[in-house]
Protein chains: 2
Amino acid sequence: MASAVPTPRPGTPPKRSFREQMHIAREDAIVSAVNRLLAEKGFDAMTVDEVAVEVGIAKASLYKHFPSKEDLAAAAMARVMERARAFLEGLDGSRAPLELLRDAARWTMEVQLAGEMPSLPSENSSLRATLTTHKGYVDGLMEVSERLGAWISAAQADGSLNPALPPIAVLYTLYARACDPVLGFLKGAGLYSNEQIIEMVLSTCFDGLRKR
Amino acid sequence: MASAVPTPRPGTPPKRSFREQMHIAREDAIVSAVNRLLAEKGFDAMTVDEVAVEVGIAKASLYKHFPSKEDLAAAAMARVMERARAFLEGLDGSRAPLELLRDAARWTMEVQLAGEMPSLPSENSSLRATLTTHKGYVDGLMEVSERLGAWISAAQADGSLNPALPPIAVLYTLYARACDPVLGFLKGAGLYSNEQIIEMVLSTCFDGLRKR
DNA sequence: GTCTATACCTCGATAGAC
DNA sequence: GTCTATCGAGGTATAGAC
C-alpha cells in the first residue's frame with residue numbers, strides 16, 4: 001500500500017524507528033484495553049466505541065490500526081497466548097510432568113480470576129475465521145499445545161496421568177479451565193479466597209469428585 | 001387488559017378452554033424454537049426475527065406472548081430446568097448417591113450434545129434480572145439444587161465423594177457440565193461418538209485426570 | 001495519523017389497520 | 001390475535017478536513 005518510504009540518509013538519526021515505537025506503544029495500549037473489556041464483558045457486549053474511549057483516541061483511529069472488531073479480539077487472544085507460551089517456557093522442565101500440567105492449569109485460572117482472560121463466543125463464525133488466520137495466535141496455540149502435549153504423554157508414560165484418556169481430551173480439559181464458569185460462581189458466592197477457589201478447582205480437575 | 005370475555009351459555013361447549021389450549025400450544029412452539037436457537041447460537045446471536053420466522057408468526061405476535069427477548073430466554077431456561085427436575089424425580093432414589101449424581105451429569109451432557117441446551121451469557125445483567133424473577137425457573141432451580149445437594153451430602157457421608165470439597169463447589173461443578181466446551185471440542189475433532197465423549201468427560205469429572 | 005461527522009445496517013420493540 | 005410497516009437505539013465501518 002504505502003510505497004513512498006523515505007530512505008534515511010547516512011548520519012541521520014533513525015526517525016522511522018521512533019515513530020514505529022510510538023506506533024507499537026499505541027497498539028499495545030489498544031490491545032490492553034481490548035483485553036480488559038473482553039474479559040469483563042465478552043466479545044458481543046464489547047463495543048468498538050468503548051475501546052476507543054478507554055484508549056483515549058477516536059474510533060476511526062482504531063480502524064487505522066486494526067481492520068475490524070474481530071482483529072481486535074484476535075490481537076488480544078494472540079497476546080494472552082504469547083503470555084501462556086512464555087510462562088510455560090519459564091517452567092523448570094526437569095520437574096514431574098504432572099506438576100508442570102498442574103502449574104499450567106493454575107496459571108490459566110489465575111489469569112481468569114485476575115480479570116485478564118478474554119472470553120470469546122465459540123460459535124461466532126466470523127471470529128473463528130479471523131482467529132484461524134491470525135499468525136501470532138495460531139503459532140502460539142501450536143507451540144503451547146505441543147509443549148502441553150509432550151508433558152501429557154510423559155505423565156501418562158510415568159503413570160501419574162490416567163493412560164485411558166486420549167491425550168487430546170486431556171489437552172482440551174486443561175484449556176477449558178481458562179473459561180471455567182465454576183471460578184466465577186464460587187467467587188460470586190463470596191465464601192472463598194481466590195487461592196482457595198483455585199485449589200478447589202485444581203482438585204476437582206486432577207483428582208476428580210470421587211474420594212481417593 | 002382484555003375485558004370483554006364472552007360468558008359461555010349453559011350447555012355450550014367450553015370455547016375458552018379450547019382457545020387457551022391453542023394459546024398454550026403456540027407458546028409451546030415458541031419456546032421450542034427459542035430453545036433450539038439458544039442452543040445453536042446463544043442469546044446474543046439469536047434474533048427475535050429468527051424466532052418469529054421459525055415459529056411461522058409475525059414478530060409483533062411474539063410480543064403479545066412474551067414481553068421481551070429476555071423473557072423468551074427465561075421461558076426456555078424454565079422448561080429445560082423442569083425437564084431436569086422431572087428426570088431427577090424419575091431416578092431410583094434407593095441407588096447409591098454417587099451413581100445418581102453421575103446420572104445427573106450424564107443427562108446434562110446428553111442434552112447439550114443433542115443441541116437442546118440453551119446457552120446464555122453469564123454476564124448479561126438484564127438477562128440475569130429476568131431470570132431471577134422468573135418463578136418457574138427459580139423454583140425449578142431450587143428443587144433441582146436441593147435434590148442434588150441431598151445426594152452430595154449423602155455421597156460424602158458414605159465415603160464415595162471427596163469430603164474435603166464444599167458441597168457448593170461440587171454442585172457448581174456438576175452444573176458446569178451442562179455448558180462444558182470440551183464436549184463441543186471433542187465433537188469437532190470427529191474422532192469419537194457421543195457416547196464415548198460423554199464417558200470421557202464423566203471420567204475426568206468424577207475420577208480426575210490423575211491415574212487412580 | 002488523528003479527528004469529527006456520518007453513512008449504512010441490524011435489532012428490539014411498537015403502532016394501528018384488520 | 002395477527003398482520004404490515006416503522007421507529008429509535010446502537011453497532012461497525014468509512015469519508016473528508018486538518
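Convention: sequence-line order gives letters A, B, ...; per-chain numbering from 1.
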Measuring from the side chain of [X] (C-beta onward, heavy atoms only), which nucleotide among [options] has the closest atom?
X	options	answer
B:K64	C:dA13, D:dT2, D:dA13	D:dT2
B:H65	D:dC3, C:dA13, D:dT2	D:dT2
B:Y63	C:dG12, D:dA15, D:dT12	C:dG12
A:A58	C:dT4, D:dA13, D:dC3	C:dT4

N or O in side chain of A:S61 less than 4.0 angstrom from C:dC3 OP1/OP2: yes
So, does A:R26 get its side chain near the phosphate of C:dG1, meaning an N or O under 4.0 Å from OP1 or OP2? no
Less than 4.0 angstrom from a charged side-chain N to a carboxylate O is my criterion; do A:K41 and B:E123 meet it? no
Quick check: does any side chain N or O of B:Q156 sit under 3.5 Å from a backbone N or O of B:S153, one acting as donor and the other as acceptor? no
Okay, side chain of A:S203, backbone of A:E199: is any donor-acceptor separation there less than 3.5 Å? no
Once you round it to whole Å, what is the distance between [atom2] of [N] and [atom1] of [X]?
X	N	atom1	atom2	answer
B:I24	D:dG1	CD1	P	11 Å
A:D49	C:dC3	CG	C1'	14 Å
A:E50	D:dT12	CD	P	9 Å
A:I57	C:dT4	CD1	P	12 Å
A:L62	D:dA15	CG	P	17 Å
A:D44	C:dT10	CG	C1'	14 Å
A:K59	D:dA15	NZ	P	14 Å
A:E70	D:dT12	CD	P	9 Å

With sugar-phosphate meaning primed atoms plus P, OP1 and OP2, does B:K69 contact a base, only sugar-phosphate, or nothing at under 4.0 Å between heavy atoms? sugar-phosphate
Identify whether any heavy atom of A:T47 sits under 4.0 Å from a base atom; if not, whether one sits that close to sugar-phosphate; answer base, sugar-phosphate or nothing. sugar-phosphate
Have B:T108 and B:Y175 got a donor and an acceptor in their side chains that come within less than 3.5 Å? no
So, A:S32 and A:R79: side-chain donor and acceptor under 3.5 Å apart, yes or no? yes
Upstream residue (5' side of DNA chain D) when B:H23 and A:A45 are each assigned their closest nucleotide: B:H23
